[in-house]
Amino acid sequence: METKQKILQILGLATRARMTITGEELTINEVRRGNAKLVLLAEDASENTMKKLQDKCSYYKVDLQIFGTRFEIGHAVGKEERVVMAITDAGFAKKLKSLFDENNRG
């Protein structure tokens with residue numbers, strides 16, 4: 001199974017385990033509170049959204065990954081399109097980070 005599929009599968013698992021938050025405002029709140037272990041941003045997010053989240057995540061030192069389209073992310077978590085999502089569980093975040101590293105290496 002390719003890395004991208006594994007990432008999407010884990011997003012689905014994390015969501016079913018209630019370890020994810022979706023939506024821009026809710027994600028930013030979790031980042032501020034220190035609950036977000038990893039933030040995921042769709043490749044097709046607006047420039048405004050991208051900048052806002054990159055600034056927040058770098059300020060609060062939260063890992064940010066740009067991955068997939070809003071439709072792929074939404075589909076993985078069983079919702080309509082999703083642009084922004086936070087992983088609130090350290091275990092899931094760690095697993096996803098290692099997959100992102102693998103994915104980015106090609």
Side-chain angles (χ1 to χ4, degrees):
M1 186 190 302
E2 67 175 90
T3 313
K4 187 170 193 172
Q5 286 311 100
K6 283 186 198 157
I7 292 170
L8 292 168
Q9 208 170 34
I10 289 174
L11 291 178
L13 283 173
T15 301
R16 284 192 290 285
R18 302 195 184 287
M19 301 294 180
T20 61
I21 304 286
T22 60
E24 190 176 328
E25 289 310 312
L26 293 173
T27 297
I28 288 173
N29 289 341
E30 293 304 303
V31 168
R32 277 199 196 109
R33 287 194 196 112
N35 296 338
K37 309 294 182 241
L38 174 67
V39 173
L40 210 63
L41 195 54
E43 293 157 356
D44 53 359
S46 71
E47 273 181 46
N48 189 8
T49 301
M50 220 172 251
K51 178 165 178 13
K52 190 190 287 185
L53 276 130
Q54 283 168 332
D55 292 350
K56 276 284 175 264
C57 288
S58 76
Y59 181 80
Y60 288 98
K61 301 198 176 11
V62 174
D63 198 10
L64 174 78
Q65 291 286 346
I66 295 172
F67 170 80
T69 65
R70 59 183 70 204
F71 297 106
E72 288 170 329
I73 294 170
H75 181 72
V77 300
K79 301 266 191 328
E80 293 289 300
E81 50 200 81
R82 285 291 179 262
V83 177
V84 181
M85 147 176 221
I87 311 295
T88 55
D89 176 75
F92 279 118
K94 188 177 175 197
K95 179 69 182 147
L96 284 163
K97 282 177 196 175
S98 75
L99 286 169
F100 281 122
D101 290 344
E102 203 177 297
N103 195 39
N104 298 339
R105 279 199 304 272

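Scope of the values below: all heavy atoms of this structure, side chains included, with no hydrogens, waters or symmetry mates.
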Atom pair CG (Leu53) and CD1 (Ile28), whose distance is rounded to the nearest 0.5 Å: 4.5 Å

How about CD on Glu47, more than 12 heavy atoms from neighbouring residues, nucleotides or ligands closer than 6.0 Å, or not? no

Value rounded to 0.5 Å, distance of CG in Leu41 from CE in Met50: 4.5 Å

Salt-bridge contact Glu102-Arg105 (side-chain N to carboxylate O under 4.0 Å): no

Name each donor-acceptor pair under 3.5 Å that joins a side chain in residues 56-65 to protein atoms two or more places apart or in another chain, with its distance.
residue	atom	partner	partner atom	Å
Ser58	OG	Gln54	O	3.4
Ser58	OG	Asp55	O	3.3

Any chain of hydrophobic side-chain contacts (each under 4.5 Å) joining Phe92 to Leu38? yes

Minimum heavy-atom distance between Glu24 and Thr49, given as atom pair plus value: OE1-OG1, 3.4 Å

Measure the shortest side-chain to side-chain distance between Leu8 and Leu11 over non-hydrogen atoms and say whether it is less than 4.5 angstrom. yes

So do the side chains of Asn103 and Lys6 get within less than 4.5 Å of each other, counting heavy atoms only? no

Side chains of Thr22 and Leu26 in contact at under 4.5 Å (non-hydrogen atoms): no

For residues Arg70 and Ala42, report the shortest heavy-atom separation together with the two atoms involved. N-CB, 3.6 Å

Under 6.0 Å from the CD atom of Glu80, do we count more than 12 heavy atoms belonging to anything else shown? no

Give, for atom OG1 of Thr20 and atom CD1 of Ile10, the distance between the pair rounded to the nearest 0.5 Å. 13.0 Å

Same cluster (ILVMFWY, side-chain, under 4.5 Å), Leu13 and Met19: yes

How about NZ on Lys94, more than 12 heavy atoms from neighbouring residues, nucleotides or ligands closer than 6.0 Å, or not? no

Is it the case that one hydrophobic cluster holds both Val77 and Leu96, taking links as side-chain heavy atoms less than 4.5 Å apart, direct or via other members? yes

Taking the side chain as C-beta and beyond, is there a heavy-atom pair between Met85 and Arg82 under 4.5 Å? no

Between the CD atom in Glu43 and the CD1 atom in Ile66, the distance rounded to the nearest 0.5 Å is 8.5 Å

Rounded to the nearest 0.5 Å, how far apart are OG1 of Thr27 and NZ of Lys52? 11.0 Å

Report the distance from atom NZ of Lys95 to atom CG of Asp89, rounding to the nearest 0.5 Å. 13.5 Å

Examine distances only and state if a side-chain atom of Glu72 and a backbone atom of Thr69 form a donor-acceptor pair shorter than 3.5 Å. yes

Which heavy atom in Leu40 sits nearest to a heavy atom in Phe100, and how many Å separate them? CD1-CZ, 3.2 Å

